[in-house]
Amino acid sequence: MIKRNSNIRLVLLFSCFLLGFIFPVLGQEFQTFIEGSVSYINGQNIYVKFEKTLGIENGDSLFIVKNDTLIPALIVQHRSSISCLCQPIGELTFKVSDKVSAKPKIELPKTENLLPVVEFTEKDVSQDVISSQSKETEKLKSPAVQTVTGRLSVSSYSNFSNPAPEIHRFRYTLTANAERIGNSKLSAETYISFTHKLNEWDVVQENLNNALKIYSLALRYDFNKSATIWAGRRINPKMANTGAIDGLQFEYSFGKFYSGAVVGSRPDFSDYSLNTKLFEYGAYFGHNSNLKNGFIQTSLAYMEQRNNSNTDRRFVYFQHSNDAIKNVNIFSSFEVDLYKLENGVPQNTLTLTGLYFSIRYRATKKLSLLGSYDNRKNVIYYETFRSYADEMVQLASRQGVRLSFNYRPWKFIYAMVNAGTRFSKNDPQPTNTINGNVMWTSIPAINASLSVSANLMQTSYLDGQIYGARLTKDFIKGKFQTALNYRYVDFNYSNGTSGLIQNIGEIDLSYQVNKKTFLSVNLETTFQESENFNRLYLNVRRKF
């Protein structure tokens, strides 16, 4: 717990905001980028698929594009000819098929035809949906002409368990981004999901919002290059920690600085529907700059949230990302609550309620180190397909101090180890975790990659181990991808409950029918002493 009188710490944190503006700012134009896509997510490891990785080096930053701004999002730990193994920067989270851009160290041929990438199954649904689709990097330089991009996805998720009843869930998603509609200054973005279970249509009829989730649905109007207004539901990347906002958002940029204001309401806590009783308003100010050797972004936001006209929360949110120093990436964020009720009496106080800091150092081309401290609140997931084992790993490693190193001793061998600890006054003992992963990216004769992993955790209620291996191979010039995965789970509970032993087998198949159509199949079987679980995931995606 953070003591209320920790004013010195708060002063130091606010000083970080001021320091964010002191760094030298030598702007430059966006260079030639190539686009890739998140293909697989496994714990802290994120795989990004490109048609070619020519010019990308280990330790490079990969970017996402938000509101004509490049935001560093991933650090390349290892690359092959068509894919990169990465780790996320700071608080950013991803889902399969998210767009990512790379800035090659060499100039690529202008005539190069970059085809869409092959995507793995959307088994990991987005943890924090920040908008429908990031604008493609080329749109940063495009004239005011209409451009419409998007993706329609249809998937089924079936659970065949013995002796439990079968469960069949269907999910339809639409993501779209329309730029310069009718060659005007009006644009639109959307991310909509509709999910229902077989033979449970009465749940949908009782409340449509049980099935319908609108993560983003907004119109944008560009008055000029400096002033922009949004209307609708949208998560603002400059103050993403506040979540989605239903209402109006205005932003004005001047040089390398920007400021904005928002007014509206928060989505309902129970079903993510519109709830005007949860009124909120706020403002933010920040600075971003693309440097010759890196990128700097700093923002400070103020937010007041109400519930039935009563003040629910009043807080300040700070975020800073910096990789201006060669081979070093720094990310920090914190929240300070300015208001609270104590014994029914409102008080204006300063209380640190969330803090995150990470620093990554690329010591050599083969070795990189990462240290982080996480004291943020837990995340609420409206949609997730995590297994029980995956959920336990995520909960155990969510907060606390964490150290990790990534090492590539040989060209095709990559190793990663991270360890963390968390201690709270509410926990009878600390939570300790250690995770390791070794990858052989090019096995001779079969031209496949093999990854072996181990996850060990010790919490106040659980001692657990998860060991796994994953074999991946591409066929037909990368159009057809296969993956075999096996995990052994051994959980022992401290409350005397009998332990849990699981053997989990999984197969992934993904096929690129053409440039815009993708098919994928995922089958997972979990063997336990008393019962078995079978999960089948089918997905069809069509880009437009």
Side-chain angles (χ1 to χ4, degrees), residues 38 40-48 58 74-78 84-94 123-124 127 331 356-362 366-376 378-379 384 386-409 413-423 427 429-441 449-472 483 485-492 500-504 506:
V38 175
Y40 182 71
I41 300 174
N42 179 19
Q44 293 294 315
N45 293 327
I46 296 177
Y47 296 80
V48 178
N58 295 335
L74 297 166
I75 297 292
V76 177
Q77 304 298 329
H78 177 81
C84 294
L85 174 65
C86 309
Q87 288 191 333
I89 296 174
E91 295 179 304
L92 294 173
T93 57
F94 296 85
K123 187 178 177 183
D124 294 86
Q127 299 178 4
F331 182 90
Y356 180 85
F357 178 82
S358 71
I359 181 168
R360 188 186 306 266
Y361 173 58
R362 184 187 178 192
K366 294 184 176 183
L367 176 65
S368 63
L369 308 172
L370 170 68
S372 67
Y373 174 74
D374 186 352
N375 191 28
R376 299 167 296 175
N378 287 327
V379 180
T384 179
R386 285 196 183 99
S387 65
Y388 177 72
D390 293 332
E391 187 68 18
M392 291 300 100
V393 172
Q394 196 275 339
L395 288 174
S397 58
R398 174 67 176 83
Q399 296 173 319
V401 177
R402 182 159 294 275
L403 300 174
S404 68
F405 78 89
N406 301 271
Y407 184 58
R408 183 170 57 91
I413 302 295
Y414 166 80
M416 181 275 292
V417 175
N418 70 75
T421 184
R422 178 181 75 225
F423 183 81
D427 294 333
Q429 69 180 55
T431 294
N432 300 312
T433 60
I434 182 168
N435 308 312
N437 182 276
V438 177
M439 176 179 289
W440 190 359
T441 59
S449 65
L450 175 65
S451 175
V452 180
S453 63
N455 296 276
L456 310 178
M457 68 193 83
Q458 183 181 62
T459 72
S460 59
Y461 61 90
L462 171 70
D463 284 342
Q465 301 88 39
I466 303 175
Y467 306 98
R470 181 179 180 86
L471 182 68
T472 305
N485 191 28
Y486 169 77
R487 286 182 293 171
Y488 174 78
V489 178
D490 183 5
F491 287 165
N492 295 296
L500 175 66
I501 301 293
Q502 290 183 335
N503 291 277
I504 305 174
E506 182 180 353

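Model, not experiment: these values are computed from the prediction.
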Report the residues that fulfil side chain to side chain contact (heavy atoms under 4.5 Å, CB included) with [X], sequence neighbours left out, ordered by chain and then residue number.
X: S449; value: T472
X: Y407; value: K366, L367, F405, P409
X: L456; value: I434, Q465, Y467

Practice task
Could you list the residues that satisfy side-chain hydrogen bond (donor to acceptor under 3.5 Å, both in side chains) with Y486, not counting sequence neighbours?
Solution key: N503
Completion exercise
Note: L403 and G371 closest approach over all heavy atoms is CD2-CA, 3.8 Å
Problem - Residue among T433, T421, L370 satisfying side-chain contact (heavy atoms from CB on, under 4.5 Å) with R402 - result: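 Exactly one pass, corresponding to T433.
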Tell me, do [X] and [Y] make a side-chain contact under 4.5 Å, heavy atoms counted?
X: I46; Y: V38; result: yes
X: N437; Y: S451; result: yes
X: R422; Y: D374; result: no

Hey, what do you get for [atom1] ([X]) to [atom2] ([Y]), rounding to the nearest 0.5 Å?
X: L500; Y: N492; atom1: CG; atom2: CG; value: 9.5 Å
X: I413; Y: M439; atom1: CD1; atom2: CE; value: 10.5 Å
X: I504; Y: Y488; atom1: CD1; atom2: OH; value: 11.5 Å
X: M416; Y: N406; atom1: CE; atom2: CG; value: 6.5 Å
X: Q458; Y: T431; atom1: CD; atom2: OG1; value: 8.5 Å
X: Y373; Y: Y356; atom1: OH; atom2: OH; value: 12.5 Å

Exercise for the section: For N435 and N418, run side chain to side chain donor-acceptor pair (under 3.5 Å): C-alpha distance rounded to whole Å, both residues' side-chain angles, the deciding distance at 0.1 Å, then the answer. Expected result: CA-CA 5 Å; N435 308 312; N418 70 75; 3.2 Å; yes
